[in-house]
Amino acid sequence: MTTLKTIILLIAIFIIAGLGFIYSGVFPIGADNRHSALTYWLLETTRKNAINTASKNITVPALNKPEQLLSGGADYNDMCAGCHLKPGVTETDMTIGLYPSPPDLTQKVSLKEGELQTIARQQFWVIKHGIMASGMAAFGPTHSDERIWAMVAFLQKLPELTPQQYQIITARK
Amino acid sequence: MQYITHLVLLVGVALLSHMAIAHAPELHKKEGAEKPQCEAMSKMDPSKMDKNDPVMQAMMQQCEGWFHGDHGESEKEGKHPQKPMKDTHNHH
């Protein structure tokens, strides 16, 4: 009985301390602060696994049509390049100021066989649903699945584009 | 009955006003937005271009008008851009 009471007391102290911390306002919330290694691991692992689970049953359509590159490229240039960069641009105010910094989608990534489809599913899901408590917005409420898939098609070609090719493809005529 | 009709209409309008409707690509267009700089294509090496590459196909679509002479000053001077790809010869 004494042990049970001790446990209950500890839990109560923990809850009160936690609430005290939350309401005190002492947590360093600024994006110019950095997470501890443990917190970073916790958030990153949770994010990756959540996206992987949520996207695993998505069917990827054909992503090799030039019309998709034109549609997706123009949308990317308008909505995404400020954070995720474009060929010839290595940083922006957003990449410097956001924490964690948005991934540079112009960088080539070496993929194993079969990973391309997985990446496409995950990219579609992230664009459509966004990531809460991050700078990544959900574009599903304002963009059709077809337009989002076009953006995914463009993302797959983005790392190989020169600045000139990027400018031509993403310009809205 | 009239009251119910008005109520249904009011609720319908309120709901519609909060609907997030996918917006058309044209809404992204900005005044003075960049046009495709197709002159860059004339500097590309045609032998290194793959006509089956969606990237190349997309660029060709963007610059179709430019290749047909729709590029202002160059046309007046009699300069016609050379289309980098033309699938009429078998080079093999």
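So you know, we letter chains A, B, ... as the sequences are listed, proteins then strands, and number each from 1. Not measured: the values here are computed from a predicted model.
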Heavy atoms only: give me the nearest I168(A)-A40(B) pair and the separation to one decimal. CD1-CB, 4.4 Å
For a quick test of reading the model, state the closest non-hydrogen atom pair linking A58(B) to I169(A) and the distance between them. CB-CG1, 4.3 Å
Taking Q167(A)'s backbone N and O only, do any of them form a donor-acceptor pair with Q37(B)'s side chain (distance below 3.5 Å, no angle check)? no
Working to the nearest 0.5 angstrom, can you tell me the gap between E67(A) CD and Q57(B) CD? 8.0 Å
Under 4.5 Å between side-chain heavy atoms, counting indirect links through other Ile/Leu/Val/Met/Phe/Trp/Tyr residues: same cluster for L43(A) and Y99(A) or not? no
Kindly work out whether a path of hydrophobic side-chain contacts (I/L/V/M/F/W/Y, heavy atoms less than 4.5 Å apart) joins V89(A) to M94(A). no
What part of L69(A) is in contact with chain B, defined as an atom under 4.5 angstrom from a non-hydrogen atom: side chain, backbone, both or neither? side chain
Taking all non-hydrogen atoms of both residues into account, name the closest pair between K65(A) and P54(B) and its distance. C-CB, 4.4 Å
Within the supplied structure, the quantity of interest is the number of heavy atoms (other residues, nucleotides, ligands) at a distance under 6.0 Å from D93(A) CG; does it exceed 12? no
Membership question, hydrophobic clusters at under 4.5 Å side-chain separation (ILVMFWY): are L105(A) and L85(A) in the same one? no
Applying a strict under-4.5 Å side-chain criterion to I, L, V, M, F, W and Y, I'd like to know whether F14(A) and L9(A) cluster together. no
For the hydrophobic clusters of this structure (ILVMFWY residues joined by side-chain heavy atoms under 4.5 Å, transitively), does one cluster hold both L98(A) and M136(A)? no
Surrounding CD of E44(A) (heavy atoms of other residues, nucleotides or ligands, distance under 6.0 Å), is the total greater than 12? yes
Please classify the contact of Q68(A) with chain B as side chain, backbone, both or neither, using a heavy-atom distance under 4.5 Å. neither
For residues 150-159 of chain A, run the donor-acceptor check on the side chains, cut-off 3.5 Å, and write out each pair with its distance to 0.1 Å, sequence neighbours left out.
none

For chain B, which residues of residues 113-127 of chain A have at least one non-hydrogen atom nearer than 4.5 Å to it? none
Answer yes or no: is there a donor N or O on one side and an acceptor on the other, between the side chain of Q62(B) and the main chain of A171(A), under 3.5 Å? yes
What's the separation between atom CD in E160(A) and atom CG in D53(B), rounded to the nearest 0.5 Å? 6.5 Å
